[in-house]
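Let me begin by presenting the structure, written as structure tokens, before commenting on it.
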Number of protein chains: 2
Amino acid sequence: MKNVTINDVAHEANVSKSTVSHYLNGHFTKMGPETRDRIARAVSKLDYSPNHIAKSLKNKRTMTIGVIVANILHNFSTRVIRSIEDFAHGHGYHVIVCNTDNSSDKEADYIRMLMAKQVDGLVVIPTAKNEALFTELAEKDYPVVFIDRYIEGVPIQSHMLDNRMSVKMAFNHLYEKGHREIGFLTEPVEAIVARQERYDAYLEFCGSYGTHPIPIQVEKEEMVPELEQSAAQGSLPACLIVANDLALFELLKVAKQRDVRIPGELSIISIDDIEFADFFNPGITVIAQPAVEIGTAAVSALFEMMNGRKNATGIERFQPYLIERESVKQYEGQ
Amino acid sequence: MKNVTINDVAHEANVSKSTVSHYLNGHFTKMGPETRDRIARAVSKLDYSPNHIAKSLKNKRTMTIGVIVANILHNFSTRVIRSIEDFAHGHGYHVIVCNTDNSSDKEADYIRMLMAKQVDGLVVIPTAKNEALFTELAEKDYPVVFIDRYIEGVPIQSHMLDNRMSVKMAFNHLYEKGHREIGFLTEPVEAIVARQERYDAYLEFCGSYGTHPIPIQVEKEEMVPELEQSAAQGSLPACLIVANDLALFELLKVAKQRDVRIPGELSIISIDDIEFADFFNPGITVIAQPAVEIGTAAVSALFEMMNGRKNATGIERFQPYLIERESVKQYEGQ
DNA sequence: TTGTATGCGTTATCAT
DNA sequence: ATGATAACGCATACAA
């Protein structure tokens, strides 16, 4: 099944392909009305549709961007991707989605492949270890923006939650409810900035509020056994700030298994809203982050760069907001 | 910043570009070892990387496939996309993700654009209204597979859940627990085959088990008010088969608001597993579907087609499985 | 073993 | 108003 090309159309309409090209690009002033008609007929007769690859080769624009995330299964990533795809589609662009699983090798691989494919820009939730590669991109003025994380020393703009503020709001909410025994549950902080920032903020506020820090930092897989044990020995703090939705899942599993009452025995406030938090029993009080706004702002900035505005390099912070539900106990006597 | 091309490399290495091309494609037998070295040095010195677009134009393969779903935010779609991306990545392919929001216009748009971009294949969860377009694709032997739905009369292979079986399992489970008042909650069936199949199966089993059908078919947005009202007048059935996770969300919201006890007053079994079902209170009994398997089988079939095997056209069914938790009440006296 | 020439399907420059 | 021709960056058939 041979594909019909601009040549076929030209032949069918008895004109040169340059004229057809003009027609296709809307330069109607450059041809007589009857040739225009003839071309129109030829196009629809042959059911011609331009080869975008050839176009891209010539124009050096593929109308495609790449989105690289750790894992599309994460709630935050899904929402971000959706908002990016919406924006891109609104501008005639397509989106290639990639999962790194937090492997920087896979990340580097994807980046190189996407560049080879000449995508017009990249939005990425970066792993921590490709500073050199990213710096190189930035120096080449290749359009890239970060989301959710940034890399120290790499001049690429990032759009992320005000993590410190999110912890501050959580902490403050708990404190106002009379809590003084405030723990913090997180996956290992490692080199993931978002986690680091939240953890640091927690420590900071323990200091400024004068409470004793009770950090629980444990691998996701070991979270359930670890928490089980604490629950069994009754050493769980009276209340917990949970660093993200994945940690929340694990905590809730344990709470159910060990039958710890929320908020009776354990108060919970979690960072990042999750759909079921609303109708869970009890409803989970949450510090939500505006994923759609973040995603949209990021692509939006990317498109500015792709259209030649100079690369911004700062960090754009987005404000979290408290959604109060029922998972935090109010101390009456306080 | 001019991009370095195969010509630059050829020049740098003092060979012709054909030799470089051979080198790049691993045809090392076709050159002397020292020219090979020279080219290697030139490549790394210039930091050359082949332009994939030019390659695609020549080879007529973009190493890219398109995935079209209704909404990436749906749990099922997310999991399917993840499995597809994994498979594709394993074969050196990239994935363009598109959301139709169930609009067939948007769908047609995406399909045309993706074909213009010469993607090598398409996996789609089709809306109901583009029979003509899809039929055309099939006739052109363009590699396409469906997931989750199919279109009557369109010769494109689909990979989907055995919907009838899923309802049968749900119905049977309920019946065995002693239930005789079994309702069915669904979004409007309309032209969505998956919904239709589940609904039809429900009716069928009402017949064969001899129970009175209590279908509740209502738009997602109106589900809450509708259910609220039923709850208020106490006209909710004793037990409900819920057609999918979205409907389950709405139901759970109402249950919480009106304080209807599950499974005390209302037993629930839902089709399609969802993460929180496990640690929800009570745990939601569920008929799960193997999203990853379905996605993987679909891409796998797609790749067969892309590699020239003839288009299969049947419907591939996948078996659901019961995950029993606590949302179904056991009638003792039965 | 290496090079020349041509084509992939466009756009764009420059004639006519 | 229309057409011939040269790129774009690569692969390949054919020569040398």
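Each chain gets a letter, A, B and so on, in the order its sequence line appears, and its residues count up from 1. Side chains included, hydrogens not; waters and symmetry mates left out as well; all remaining heavy atoms used.
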- Message: Can you see if the side chain of Thr35(B) gets near the phosphate of dT2(C) - specifically, an N or O under 4.0 Å from OP1 or OP2?
- Response: yes
- Query: Once you round it to whole Å, what is the distance between P of dT10(C) and CZ of Arg61(A)?
  - Reply: 18 Å
- Taken to the nearest whole Å, CD/Glu34(B) to C1'/dT1(C) is 9 Å
- Length of the CZ-P vector between Arg36(B) and dT1(C), whole Å: 12 Å
Quiz: residues 35-42 of chain B side-chain donor-acceptor pairs under 3.5 angstrom, not counting sequence neighbours:
unit_1	atom_1	unit_2	atom_2	d
Thr35(B)	OG1	Gly32(B)	N	3.3
Thr35(B)	OG1	Gly32(B)	O	2.7
Arg38(B)	NH1	Ala13(B)	O	2.7

- Message: Between P on dA15(C) and NZ on Lys30(A), what's the gap in Å once rounded to a whole number?
- Response: 14 Å
- Please give, in whole Å, the distance from dG9(D) C1' to Leu46(B) CG? 15 Å
- For the residue pair Phe134(B) and Phe146(B), does the interplanar ring angle fall in the parallel (under 30°), tilted (30 to 60°) or perpendicular (over 60°) class? perpendicular
- dA1(D) C1' sits how many Å from Ile39(A) CD1, rounded? 11 Å
- Message: Counting only heavy atoms from other residues, nucleotides and ligands, does the tally under 6.0 Å from CD of Glu152(A) exceed 12?
- Response: no
- Query: Distance from His89(B) atom NE2 to Cys98(A) atom SG, nearest 0.5 Å?
  - Reply: 8.0 Å
- Query: Would the number of heavy atoms belonging to other residues, nucleotides or ligands and lying under 6.0 Å from NZ of Lys106(A) be above 12?
  - Reply: yes
- Among pairs that include at least one residue of residues 67-79 of chain A, which meet salt bridge (Lys or Arg N to Asp or Glu O under 4.0 Å), considering only residues two or more places apart or in two chains? Arg79(A)-Asp272(A)
- Message: Rounded to whole Å, please give me the gap between CZ in Arg38(A) and C1' in dG3(D).
- Response: 13 Å
- What's the CE-P distance between Met31(A) and dG3(D), to the nearest Å? 10 Å
- Message: Does Thr29(A) reach a base, just sugar-phosphate, or nothing at all? Heavy atoms under 4.0 Å.
- Response: sugar-phosphate
N/O to N/O distances under 3.5 Å, protein versus nucleotides 10-13 of chain D:
unit_1	atom_1	unit_2	atom_2	d
dC10(D)	OP1	Tyr48(B)	OH	2.5
dC10(D)	OP1	Asn51(B)	N	2.8
dC10(D)	OP2	Ile6(B)	N	2.5
dC10(D)	N4	Lys17(B)	NZ	2.7
dA11(D)	OP2	Ser21(B)	OG	3.0

